[in-house]
Structures are given as C-alpha cells and as structure tokens.
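Take a look at the structure below.
The chains referred to below are lettered A, B, ... by the order of the sequence lines, with proteins before strands, and numbering in each begins at 1.
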Amino acid sequence: MGTWRTKVGIIEKVPALVKTKDSEMFSHFSKFAVSITKSMEHTRRNRIVDLLKSREFGSEVMVKGWVRTKRGNKNITFISLNDGSVIHHIQVVAEVARFDEEVLKLVTTGSCIAVRGTLVESMGQGQHVEIQAKEIEILGTADPETYPLQKKGHSLEFLRDIAHLRPRTNTFGAVLRIRHAMAYAIHKYFNDHGFFYIHAPIITGSDAEGAGAMFRVTTLDDRNPPLLPDGQVDYSQDFFGKETKLTVSGQLEAELGAMALSLVYTFGPTFRAENSNTPRHLAEFWMIEPEMAFYDITDNMDLAEDFLKYLMQYALDYCIDDLEFLTKMYDNELIDRLKGVINSKFERLSYTQAVEILIASGQTWEFPVAWGSDLQAEHERYLVEKHFGRPVILTDYPRDIKAFYMKQNPDGTTVRGMDVLFPRIGEIIGGSQREENLEALMNRIHEMNIPEKDVWWYLDTRKFGTAPHAGFGLGFERLILFVTGMANIRDVIPFPRSPKNAAF
RNA sequence: UCCUCCUUAGCUCAGUUGGUUAGAGCAUCUGACUGUUAAUCAGAGGGUCGCAAGUUCAAGUCUUGCAGGGGGAGCCA
C-alpha cells in the first residue's frame, strides 16, 4: 500500500498544473500547502457506488473523492465523500485521536482525499454502510475561504458563472450522469435496430443547409484579408480555397449515407450563430439525425415515437437515483412525466387539423391562428398541455413555411414534414419525408433561389438510384432538458456557448 | 433582436416618503459539545451597494447611458 505520510509545510515546488501565471492565486494557500506523496496514485480504489451497495462488512476498502461536508466534535469526525460514481456520498468516520490534527484540518469542503479503512455497518441513522478510517491522505486541498462551493445550495445562475466547478454539485453530477446515459442509449438503440453511425463533417462549404446563421471558419488574416478587385474577401486564398462555415445540420450528408447503408444516423456538434437568448437555444449543441431509406412519413413517426419512449425508459432503468434527486429538488412531477410519455400514444394530426382545433378552442391568442402561418409557441403549448395532454406529432405543413427538401404532397400546398411537440419544451424533434423526385426537388430549389452549384452532389442522389426516404433531427440538449426536468438548456451541457458567452 | 424584471458581504436576500455608523440567514474563522446527517450552540471578522455620469445640502434609494444576468417573444433543435 506504500507510504501514507502527508507532509504539511510551505510549498516549495508548485505542482506543474498550477505553475503558471496564476501562481500568485495560490500564494494565500500556503497554510494549506502540502507536498503530495505519490503513494496512492496507482493503487486500486473502490468506487463509492459499489461500496454503498456492498454488505461485506469488515473488508478493507479504499476510496478517493471530494469532501462535501465535515462535521463532528473533538472526539469524532464525519466526512461526506463523493467520487461522482453515484449521487450519494459515503460517510467516512475518523476518530480524532488516531489522526494528525494537521491532516484533519485540511479535510475541508472541496478538498480531495484518499481514505483507507474498514467497511462497516453504520451506527448512525441515514446510511447503511460507512467507512471506519484507518488512514487519510490529502490529495488536494481546498482553501475554505476561497472555495466557491458551499454545503448549502446555490442558485443555478451562480453555478453557471463557475461552470468549471459545478460538476462537483449534486445537481450537475446527476445531470452529467444522465447526459452520458442518454448518449449511450442513443447509440445502443440505433445499433440494436440496424443503424450505422455516420460522422457528418463539422466544417462545411455548403451554405444550403438552410437552418440558420452560420459561423465562418477561416485562417485568413482578419485585419488584412486578401481582397478581390471589387473589394470582397478573396476566399480562394483561404485554407480550403473557398468560404467555409461550421455545420448547422448533418442531414444532407446523412441522406448520402442512407442512399447506401439504408439506415444511418449522425450524432455530433452543431453550430448556429443566431442571436437567440432563450432557455431553449445554444450556439453550440449536439444533434441526432437518423435518416432512413425506404421509410415514409408514417415509418418516420413510428421510429421517432419508439425512440423517445426507449430513451425515457432507459433513464428510468439506469438513472433512477439521479432522477429521484432531481424530482425531489427541482420538479415534483418529473418521474411521473417520463412515465406518462412512455405510457401514452402520441397524438398524430395534420397541421390543418391543428389549426381547426385552435380556431375552435375559443382561446384568445397573442398571435392569431391562420392557415398558412407557422404555429406559435402558445399554440403548440395549448395543443400539448391543454387540449391533448400528451405528446403531439403535427404533419403536413404548408410548404411555404418549411424547408426545400421536404416531400411535397399531391395537393400541391403541403409537405410531409413532422414536428414532435413535448410538454414544457415544445418542439423536440423536427423531421420529414424527403423529396426523392428529382424534378420536384429542382423546382423547389429554383423557387427558393438555392444555387444549384452548391447542392449538385445532393441532387445526384435523386439522379442516381433515388429512393423514398425520411429522417428527423433531435436536439440532444432538449432531450436532456426533458429527461432531467431542468428549466434552462445552459444547465444540461457542461460548458454552454451562447451569445456573449464562451467562457471555460 | 424586441418586451420586461434584476444587479447590496463568499452565497441567498432585506433596506421605509432620498437623511447621519448599510442589515439578516447561511458560509468562513475562533471556542464549546462522546455518533453527526445541509449537525447544534456561543462569539468574531467580512461591503468600491454592477460601471459611468447627472439631480440634490445629502443617493444603496431619483434620472440617463453602458455592461452582465433572469423570465417572456422571435429564429429553431
């Protein structure tokens, strides 16, 4: 097990990690400075999630983690330790007489410690097992005068300002574990259903994705770019020899994959340079875009519904401790709402039917309802939360308010788009059957003034072996919003990017 | 980008019709306590009232501008 000594003293060698221009930040730290022995770095540790389930009382265990609270008296100290493996803490019991006073003094909220001891049945209330400590090593101190996180709860707004430390809170531990579980479940679902994961490019030269403003990618000198005679920037001298942007959607590339592998999906970062300041938008977010050859819009809806229900069930099966915490702390109805989605049949109706319901409702709207104009958030919310009381899939929108690639209906006025609307968050999925007919697609492209030279490769799929196909886009963070019950999308991604904010 | 609200101690917030030395709870520090559960009890320290200008004998408080944040809307996922 090696040496367990912890030397307390003035720092002589600042660890490499902090030996930067910020070193002065640590000068006030000297009273907490320790030189850390390497003895425990590579020894096996027990994860707290495993120990809390164990009933092997009397066995020797080792835990490493971050101190949440310390309490006690002059004889005995109780340390709540968390290693992120589970939302629950393990209680470490240390008899004061057995330890160097200076070491216990360094066990403060936020510090990182390693504990070797015996797993025992707890004598106290509130937990089944605890660790009777034999040895404690301070791996990293945390000056309590300056460590921002306290035992008490913090506002989510404050935690956004310290996003580098918020993973250490119960809330963000829960959110991040659920986020991971959902990412894994998405890959598992598609893999188990015969889909192949396609990596769509992040840098794109196509301006035709039509999903919003884009960030430019360039290596040109921003103060003195090469210019054309007419004063425009000469992008032929740029890195890629043309103007390039960050992708706003992987859909067009996913369609190329579906025209060969039949069932594909993308799952990657997506960038929108919109000046959107809302709790439901990010400038950088992750999107899942399945694309299926030989699927029509009904197959598309069936997949979307089954997929979402699978993810809700996966969260209930594998993240129940975190969900119970979030239900208790933030949203009393969270678990019931997830079960409600699983047990409900999504209501499917056309845009036209929805408009009729809204007009017949007698409600007064801030924005009037009229066939041909897009539904507002208040309209969608009424349908989902008041009229039907369950998720709703709207289809067959007026073609003039939807994208060029959507399959046109024989009526000549609507397209086979579909939006899945969820309670609380609105549109969670947007998708459609795609227009596979070359002539019809060309007509739309010309009507919408999309340069043919930018999408020739996309048109080739309709020219060579075209096939009926469909797909949709799921905003990953919107899914996590719904599954965690969080209210602001900036709280379900580790480091949110939004207008005026790219910190960390 | 539009509407609206907010910015006072490390955190969460009070702060009266403008008035003299700006408060509380928690956190922190010191002490007490033989098993605590966001421990408890006692005491102490801690403030450029977001920034800038203006009105006034006097501004945390009123006015204007700027910055940042929350909620709602639009854009969308």
Checklist entry - Where along residues 123-130 of chain A does a heavy atom fall under 4.0 Å from RNA chain B? => result A:Met123, A:Gly124, A:Gln125, A:Gln127, A:Glu130
Checklist outcome for this item: Atom CZ of A:Phe271 and atom C1' of B:A77 are separated, to the nearest Å, by 14 Å
Next on the checklist: Expressed as a whole number of angstroms, how long is the span from A:Gln132:CD to B:G35:P?
Outcome noted: 14 Å
Item to check | Side chains of A:Val86 and A:Lys53 in contact at under 4.5 Å (non-hydrogen atoms) | outcome: no
Checklist entry - Do A:Glu255 and A:Tyr405 get their side chains close enough for a donor-acceptor pair, meaning under 3.5 Å? => result no
Checklist outcome for this item: Per side chain to side chain donor-acceptor pair (under 3.5 Å), A:Glu477 is matched among A:Arg280, A:Arg179, A:Arg490 by A:Arg179
Checklist outcome for this item: Under a 4.0 Å heavy-atom criterion, the protein footprint on nucleotides 3-8 of chain B, written with B, S and -, is ------
Next on the checklist: Distance check needed: B:C76 C1' versus A:Ile288 CD1, whole Å only.
Outcome noted: 15 Å
Checklist entry - Between atom NE2 in A:His154 and atom C1' in B:A38, what is the gap in whole Å? => result 11 Å
Checklist outcome for this item: Ranking B:G74, B:U12, B:U1 by distance to the side chain of A:Ser276, first place goes to B:G74
Checklist entry - When all nucleic acid strands are considered with a 4.0 Å heavy-atom cut-off, which category describes A:Ser122: base, sugar-phosphate, or nothing? => result base
Next on the checklist: From NZ of A:Lys70 over to P of B:G35, roughly how many Å is that when rounded to an integer?
Outcome noted: 16 Å
Checklist entry - Base, sugar-phosphate alone, or nothing: which one does A:Gln91 contact when heavy atoms must sit under 4.0 Å apart? => result base
Checklist entry - Dot-bracket for RNA chain B: what is it, with Watson-Crick or G-U pairs under 3.5 Å, [ ] where a pair crosses earlier ones, and | for a pair to another strand? => result (((((((..((((.....[...)))).(((((.......))))).....(((((..]....))))))))))))....
Next on the checklist: B:A38, OP1 or OP2 - any side-chain N/O from A:Thr69 closer than 4.0 Å?
Outcome noted: no
Item to check | A:Phe285 ring over B:A77 six-membered base ring, under 5.5 Å and 30° | outcome: yes
Checklist entry - Mind checking the C1' distance from B:G15 to B:G23? Whole angstroms is fine. => result 7 Å
Checklist entry - Expressed in whole Å, how much space separates the P atoms belonging to B:C5 and B:G65? => result 14 Å
Item to check | Integer angstrom distance from the C1' of B:A58 to that of B:G54 | outcome: 15 Å
Next on the checklist: Over all strands shown, is A:Leu479 touching base, sugar-phosphate only, or nothing at heavy-atom distances under 4.0 angstrom?
Outcome noted: nothing
Checklist entry - Do you know which two heavy atoms are closest between A:Phe99 and A:Ala94, and how far apart they sit? => result CE1-CB, 3.8 Å
Checklist entry - Between A:Lys134 and A:Glu60, is the closest basic N to carboxylate O distance under 4.0 Å? => result yes
Next on the checklist: Regarding A:Gly426, tell me which of base, sugar-phosphate or nothing describes its non-hydrogen contacts under 4.0 Å with the strands shown.
Outcome noted: nothing
Checklist entry - What about A:Gln150: does its side chain form a donor-acceptor pair under 3.5 Å with the base of B:U28? => result no
Next on the checklist: Taking the ring centre of each residue, are A:Phe195 and A:Tyr189 less than 6.0 Å apart?
Outcome noted: no
Checklist entry - If we take the C1' atom in both B:A9 and B:A22, what is their distance in whole Å? => result 11 Å
Checklist entry - Just checking A:Ser155: base, sugar-phosphate only, or nothing, at a heavy-atom cut-off of under 4.0 Å? => result sugar-phosphate
Item to check | C1' atoms of B:U64 and B:U12, separation to the nearest Å | outcome: 30 Å
Checklist entry - Per the atom types in the model, does the base of B:C33 pair as donor or acceptor with the side chain of A:Arg71 at under 3.5 Å? => result no
Next on the checklist: Within the 4.5 Å heavy-atom criterion, are A:Leu81 and A:His89 side-chain neighbours or not?
Outcome noted: no
Item to check | Rounded distance (Å) that lies between atom P of B:G10 and atom CD of A:Glu145 | outcome: 11 Å
Checklist entry - To the nearest angstrom, how far is A:Met182 atom CE from B:A77 atom C1'? => result 18 Å
Next on the checklist: Between P on B:U34 and CZ on A:Phe78, what's the gap in Å once rounded to a whole number?
Outcome noted: 13 Å
Checklist entry - Heavy atoms under 4.0 Å, any strand shown: does A:Gly72 hit a base, just sugar-phosphate, or nothing? => result base
Next on the checklist: Between A:Lys151 and B:A27, is there a contact of a side-chain N or O with OP1 or OP2 at under 4.0 Å?
Outcome noted: no
Checklist entry - side-chain contact (heavy atoms from CB on, under 4.5 Å) with A:Ile48: which of A:Ile131, A:Ile90, A:Ile87? => result A:Ile90
Checklist entry - What nucleic acid atoms does A:Phe367 come within less than 4.0 Å of, heavy atoms only: base, sugar-phosphate, or nothing? => result sugar-phosphate
Under 3.5 Å, side-chain donor or acceptor atoms of residues 369-378 of chain A against the rest of the protein: list the pairs with distances, not counting sequence neighbours.
unit_1, atom_1, unit_2, atom_2, d
A:Trp371, NE1, A:Thr352, OG1, 2.9
A:Ser373, OG, A:Ala370, O, 3.0
A:Glu378, OE1, A:Glu366, N, 3.2
A:Glu378, OE2, A:Glu366, N, 3.1
A:Glu378, OE2, A:Phe367, N, 2.8

Checklist entry - Should the ring pair A:Tyr382 and A:Trp365 be called parallel, tilted or perpendicular, given that the plane angle runs from 0 to 90° and is split at 30 and 60? => result perpendicular
Close N or O pairs between protein and nucleotides 68-72 of chain B (under 3.5 Å):
unit_1, atom_1, unit_2, atom_2, d
B:G70, OP1, A:Arg160, NH1, 2.7
B:G71, OP2, A:Asn488, ND2, 3.3

Next on the checklist: Go nucleotide by nucleotide along RNA chain B from the 5' end; which of A:Gln376 and A:Ile489 gets its closest nucleotide reached first?
Outcome noted: A:Gln376
Checklist entry - NA contact type, A:Ile428, heavy-atom cut-off 4.0 Å: base, sugar-phosphate, or nothing? => result sugar-phosphate
Next on the checklist: Applying the ring-ring contact (aromatic ring centres under 6.0 Å, His included) criterion to A:Phe190, which one of A:Tyr197, A:Phe267, A:Phe196, A:Tyr265 satisfies it?
Outcome noted: A:Tyr265
Checklist entry - With rounding to whole Å, what would you report as the distance between B:U8 and B:C3 at their C1' atoms? => result 27 Å
Checklist entry - Can you find a donor-acceptor pair, distance only, under 3.5 Å between A:Arg68 side chain and B:A38 base? => result no
Next on the checklist: Can a donor-acceptor pair be found, under 3.5 Å and without considering hydrogens, that links the side chain of A:Arg497 to the backbone of A:Ala503?
Outcome noted: yes
Next on the checklist: Taking B:C62 as the reference, what is the distance to B:G19 when you measure between their C1' atoms (whole Å, please)?
Outcome noted: 14 Å
Next on the checklist: Taking salt bridge (charged side-chain N to carboxylate O under 4.0 Å, His left out) as the definition, give me every residue that meets it alongside A:Arg416, ordered by chain and number, with sequence neighbours left out.
Outcome noted: none
Next on the checklist: With a 3.5 Å distance limit and no angle check, can you tell me whether A:Lys309 reaches the backbone of A:Ser344 through a side-chain donor-acceptor pair?
Outcome noted: yes
Item to check | Distance test, side-chain N/O of A:Asn73 to OP1/OP2 of B:U36, below 4.0 Å | outcome: no
Checklist entry - Hey, are A:Arg272 and A:Thr270 close enough side-chain-wise for a donor-acceptor pair under 3.5 Å? => result no
Checklist entry - What distance, rounded to whole Å, do you find between the two C1' atoms, one in B:G69 and one in B:G35? => result 44 Å
Checklist entry - Within 45° of the six-membered ring axis of A:Phe271 and under 6.0 Å from that ring's centre, is NZ or CZ of A:Lys245 located there? => result no
Next on the checklist: For A:Arg390, run the salt bridge (Lys or Arg N to Asp or Glu O under 4.0 Å) check against A:Glu305, A:Glu347, A:Glu385 and tell me which one passes.
Outcome noted: A:Glu347
Item to check | Minimum-distance nucleotide to A:Pro144 side chain [options: B:U36, B:U28, B:A73] | outcome: B:U28
